[in-house]
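Note sheet for the following structure.
The chain is numbered in sequence order, starting from 1.
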Amino acid sequence: MFLGEYQHTLDDKGRVILPARFRDKLVGGVVLTVAKNRCIDVFPRAEFERRVILLQQEVEAGEAPLSDLRVFTSKAFEETPDGQGRVTIPPALREYARLDRELTVNGALSSIQIWDRSAWGEYESGATDRFADGGDA
């Protein structure tokens, strides 16, 4: 399970260091893809495969549009963290998530999310207010 919020930076080669406490769960490699709210999801490979199967089932049942599956898989990139726990974020994903140099890396239970730090600040502020007020985030 991935938990917590961490501040990191994107280097000149488009790499980010994933938090040390996440790395043991990522030794088999990861898949980076687009997520809702203009961030990037980073999944262990097995979890990505599980998500694709679930999304396929939702499409077949008419519960999700085929475009969701197409975007989720067509924007996916396989990556293996290097010895320092870095992954390269492809330019297309950096553009999608509007990443600047300053990033927030969040644990999202079965995945890791990478946000532009200012975008995360805006999202998190509203979500925290809704949570504190007892509403849906």
Side-chain angles (χ1 to χ4, degrees):
M1 184 178 322
F2 301 103
L3 302 171
E5 177 180 314
Y6 306 87
Q7 305 307 313
H8 288 272
T9 56
L10 194 63
D11 72 13
D12 294 336
K13 295 180 180 178
R15 299 175 301 189
V16 63
I17 297 174
L18 297 175
R21 62 182 47 199
F22 294 166
R23 293 181 203 158
D24 288 347
K25 299 175 187 95
L26 306 174
V27 293
V30 299
V31 178
L32 294 89
T33 193
V34 294
K36 302 217 175 173
N37 301 109
R38 290 218 177 257
C39 67
I40 297 168
D41 265 331
V42 181
F43 294 98
R45 285 188 184 162
E47 178 62 20
F48 179 79
E49 291 169 7
R50 189 183 78 75
R51 291 285 182 102
V52 168
I53 290 167
L54 289 174
L55 191 49
Q56 282 177 309
Q57 291 170 344
E58 290 175 8
V59 168
E60 290 168 3
E63 299 167 359
L66 180 57
S67 59
D68 283 4
L69 180 62
R70 288 178 174 157
V71 170
F72 188 72
T73 56
S74 70
K75 302 297 183 190
F77 291 87
E78 292 182 282
E79 178 75 12
T80 302
D82 69 11
Q84 295 176 337
R86 295 178 299 195
V87 292
T88 300
I89 302 172
L93 291 182
R94 292 195 310 260
E95 183 178 322
Y96 169 82
R98 301 175 180 146
L99 298 183
D100 199 1
R101 187 165 168 75
E102 302 298 317
L103 306 176
T104 298
V105 179
N106 292 329
L109 301 178
S110 60
S111 70
I112 300 163
Q113 291 190 328
I114 300 173
W115 290 75
D116 176 78
R117 192 174 300 171
S118 62
W120 170 251
E122 291 173 23
Y123 176 84
E124 188 266 342
S125 176
T128 299
D129 288 346
R130 286 188 297 278
F131 179 82
D133 293 339
D136 228 3

Residues forming a salt bridge (charged side-chain N to carboxylate O under 4.0 Å, His left out) with Glu79, sequence neighbours excluded: none
Who pairs with Arg21 by salt bridge (charged side-chain N to carboxylate O under 4.0 Å, His left out), at least two apart in sequence or on another chain? none
Rounded to the nearest 0.5 Å, what's the gap from [atom1] on [X] to [atom2] on [Y]? Could you check?
X	Y	atom1	atom2	result
Glu78	Phe48	CD	CZ	8.0 Å
His8	Arg15	NE2	CZ	14.5 Å
Lys25	Met1	NZ	CE	8.5 Å

Using the side-chain hydrogen bond (donor to acceptor under 3.5 Å, both in side chains) rule, collect all pairs that involve residues 100-115, keeping only residues at least two apart or in two chains. Gln7-Thr104, Asp41-Ser111, Asp41-Gln113, Glu47-Ser110, Arg51-Ser110, Glu102-Arg117, Gln113-Trp115
Does Asp116 reach the side chain of Arg98, with side-chain heavy atoms less than 4.5 Å apart? no
Apart from Phe22 itself, residues in the same hydrophobic cluster as defined by side-chain heavy atoms under 4.5 Å: Phe2, Tyr6, Leu10, Val16, Leu18, Leu26, Val30, Leu32, Val34, Ile40, Val42, Val71, Phe77, Val87, Ile89, Leu93, Tyr96, Leu99, Leu103, Val105, Ile112, Ile114
Taking all atoms of both residues into account, what is the closest heavy-atom pair of Gly29 and Pro81, and its distance? CA-CD, 4.3 Å
Output all residues satisfying side chain to side chain donor-acceptor pair (under 3.5 Å) with Glu95, sequence neighbours left out; order by chain, then residue number. none
Residues that Leu69 engages under side-chain contact (heavy atoms from CB on, under 4.5 Å), provided they are two or more places apart: Val52, Leu55, Gln56, Val59, Leu66, Thr73
Distance-only, no hydrogens or angles: does the Asp11 side chain make a donor-acceptor pair with backbone N or O of Lys13 under 3.5 Å? yes
